[in-house]
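Some notes on the structure that comes next.
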There are 2 protein chains.
Amino acid sequence: MTETFKKELVQRITRNLLDIQILRLTQTKPMWGYKIKKQVEALFNVKLRHGTLYPLLNSLEQKGFLTSEKQQKKGRTRKVYTITRKGQQYVEAYNSILKEQIQKHDIR
Amino acid sequence: MTETFKKELVQRITRNLLDIQILRLTQTKPMWGYKIKKQVEALFNVKLRHGTLYPLLNSLEQKGFLTSEKQQKKGRTRKVYTITRKGQQYVEAYNSILKEQIQKHDIR
DNA sequence: TACAATATGTCCTCCATCGGACATATCTCA
DNA sequence: TGAGATATGTCCGATGGAGGACATATTGTA
């Protein structure tokens, strides 16, 4: 039961807070859209449409959370995204909320 | 900056995962709709329409996460909601996801 | 006595988001 | 050589959810 709930919840959180999950992934190392798509699908068990992802990546760059750089990999062009200081701060804010939520739960 | 991000994120999380935040509140003690509304607004800084809340509470009861009992308080009727075992499990699943997300963050 | 607060409920419309389609190009392997 | 994987991009229509309106009743207070 709890396992079913967890799967369902991970999918909900991933969909609703997709930008944050993407920022968290790029925190590990710079990544391009296609790789992010595969990672999200593997880690969170969520089918991610590229029609959703690519516009989101562009908007994250516009907002200053990511910067991009085009790389050539055997003729194919990759747009590699790196997290910015601002992006880091956004993830840190998220993490501190998580910690607070857990603490409130434990105290009660 | 981080504080602005936190406010924004708490509001997003509250809106997107409102059902979970409600279950967490009823974990503390049984509550009725109006009280929940006031608590959510005070704790999370989110304006919550009762036209959103009451149907949500009914659906949480239908799904078996909450049970309700009508109480009279000086002529006014209150529909007091208590969390069920299933509701508890849902919150536990949520908490374990939070813990995992924080751990992944710390390891990196 | 009239207004604000307490308390719960439904319904409709609008807007934003998401999925799916359309579009293009290269590389690898059977 | 053809299919599947890699790689990125736009656009449109449907659907769902949220906000605001409609609805009602009691209590407390200025």
Side-chain angles (χ1 to χ4, degrees), chain A residues 8-22 25-26 29-63 65-82, chain B residues 8-22 25-26 29-63 65-82:
Chain A
E8 190 193 312
L9 274 166
V10 168
Q11 290 182 351
R12 275 185 66 189
I13 292 169
T14 307
R15 269 189 260 267
N16 292 322
L17 307 173
L18 182 58
D19 53 348
I20 296 164
Q21 304 308 327
I22 288 171
L25 284 175
T26 56
K29 54 181 148 181
M31 275 189 204
W32 57 99
Y34 194 84
K35 178 95 179 274
I36 291 170
K37 186 175 178 288
K38 292 289 161 191
Q39 289 261 307
V40 168
E41 285 171 356
L43 292 173
F44 308 123
N45 211 33
V46 175
K47 280 269 170 293
L48 188 57
R49 313 286 152 178
H50 72 270
T52 303
L53 179 63
Y54 291 120
L56 176 59
L57 287 172
N58 286 326
S59 90
L60 285 175
E61 190 176 10
Q62 267 196 330
K63 288 177 195 159
F65 294 116
L66 292 174
T67 47
S68 74
E69 187 200 350
K70 292 222 170 168
Q71 280 181 12
Q72 292 295 319
K73 186 82 176 178
K74 293 180 186 174
R76 281 200 201 98
T77 307
R78 281 179 183 169
K79 204 169 158 186
V80 179
Y81 290 92
T82 306
Chain B
E8 189 193 313
L9 274 165
V10 168
Q11 290 182 351
R12 275 184 67 188
I13 292 169
T14 307
R15 270 188 258 269
N16 292 322
L17 307 172
L18 183 58
D19 53 346
I20 295 164
Q21 303 308 326
I22 288 170
L25 284 175
T26 57
K29 52 182 148 182
M31 277 190 204
W32 57 100
Y34 193 84
K35 179 93 179 273
I36 290 169
K37 186 176 179 288
K38 292 288 160 189
Q39 289 261 306
V40 168
E41 286 172 354
L43 292 173
F44 308 124
N45 211 33
V46 176
K47 281 269 170 291
L48 188 57
R49 314 285 153 177
H50 72 269
T52 303
L53 180 62
Y54 291 119
L56 176 59
L57 286 171
N58 287 326
S59 93
L60 285 174
E61 191 176 11
Q62 267 196 332
K63 288 177 194 157
F65 293 117
L66 293 174
T67 49
S68 73
E69 187 200 350
K70 291 222 170 169
Q71 280 181 12
Q72 292 294 321
K73 185 83 178 179
K74 294 181 185 174
R76 283 201 199 96
T77 307
R78 280 179 183 169
K79 204 168 159 187
V80 178
Y81 290 93
T82 307

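The structure presented is a predicted model; accordingly, all values stated were derived computationally and were not measured. Proteins come first, then strands; the chains are lettered A, B, ... in the order of their sequence lines, and each starts at number 1.
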* Asked: Can you name the residues that form a side chain to side chain donor-acceptor pair (under 3.5 Å) with Glu8(A), not counting sequence neighbours?
  -> Tyr90(B)
* Structure fact -> Rounded to whole Å, CG of Leu56(A) lies from P of dA16(C) at a distance of 17 Å
* Those residues that, when tested against Gln72(B), pass side chain to side chain donor-acceptor pair (under 3.5 Å) (two or more places apart) -> Thr77(B)
* Between dT10(D), dT6(D), dG9(C), which nucleotide has the shortest distance from any of its atoms to the side chain of Tyr34(A)? -> dT6(D)
* List for me each residue that meets side chain to side chain donor-acceptor pair (under 3.5 Å) alongside Gln11(A), sequence neighbours excluded, and say none if there are none. => none
* Might you point out which heavy atoms bring Leu25(B) and Met31(B) nearest each other, and give the distance in Å? => O-CE, 3.7 Å
* **Gap between atom CD1 of Ile20(B) and atom CD1 of Ile13(A) - 0.5 Å precision** => 6.0 Å
* To the nearest angstrom, how far is Tyr54(B) atom OH from dG20(D) atom C1'? -> 16 Å
* To do: Take the protein atom CZ of Arg78(B) and the nucleotide atom P of dA5(C), then report the distance between them rounded to whole Å.
  => 17 Å
* Distance, rounded to the nearest Å, where Asp19(A) contributes CG and dA16(C) contributes P -> 17 Å
* Asked: Starting at NZ of Lys79(A) and ending at C1' of dA25(C), how long is that distance when rounded to a whole Å?
  -> 17 Å
* With Thr14(A), which residues qualify under side chain to side chain donor-acceptor pair (under 3.5 Å), at least two apart? -> none
* Say you draw a straight line from OH of Tyr81(A) to CG of Leu66(A); how long is it, rounded to the nearest 0.5 Å? -> 7.5 Å
* Structure fact -> Scoring nucleotides 25-30 of chain D by protein non-hydrogen atoms under 4.0 Å (B base, S sugar-phosphate only, - none) yields -BBS--
* Look only at the side chain of Glu61(A) and the backbone of Ser68(A), and say whether a donor-acceptor pair between them is shorter than 3.5 Å. => yes
* With sequence neighbours left out, what residues match Arg12(A) under salt bridge (charged side-chain N to carboxylate O under 4.0 Å, His left out)? -> Asp19(B)
* Asked: Pairing of DNA chain C as dot-bracket, 5' to 3': ( ) intra-strand, [ ] crossing, | other strand, . unpaired, with Watson-Crick or G-U pairs under 3.5 Å?
  -> ||||||||||||||||||||||||||||||
* **Spacing of Leu48(A) atom CG relative to dA7(D) atom C1', expressed in whole Å** => 14 Å
Show the distances under 3.5 angstrom between N or O atoms of the protein and N or O atoms of nucleotides 17-20 of chain C.
residue : atom : partner  : partner atom : Å
dG19(C) : OP2  : Thr52(A) : OG1          : 3.2
dG20(C) : OP2  : Arg49(A) : NE           : 3.4
dG20(C) : OP2  : Arg49(A) : NH1          : 2.9
dG20(C) : OP2  : Arg49(A) : NH2          : 3.1

Show me the side-chain donor-acceptor pairs of residues 41-59 of chain B shorter than 3.5 Å, one per line, residues at least two apart or across chains.
residue  : atom : partner  : partner atom : Å
Glu41(B) : OE2  : Lys37(B) : NZ           : 3.2
Glu41(B) : OE2  : Leu48(B) : N            : 3.2
Asn58(B) : OD1  : Lys79(B) : NZ           : 3.1
Asn58(B) : ND2  : Tyr54(B) : O            : 3.3
Ser59(B) : OG   : Leu56(B) : O            : 3.1

* Working to the nearest 0.5 Å, report the span between NZ of Lys73(B) and CH2 of Trp32(B). => 7.5 Å
* **Between P of dG20(D) and NZ of Lys37(B), the distance in whole Å** => 12 Å
* Structure fact -> From CG of Leu66(B) across to P of dT8(C) the rounded distance in Å is 13 Å
* Report which part of the nucleic acid Lys35(A) touches: base, sugar-phosphate, or nothing (heavy-atom distance under 4.0 Å, all strands). => nothing
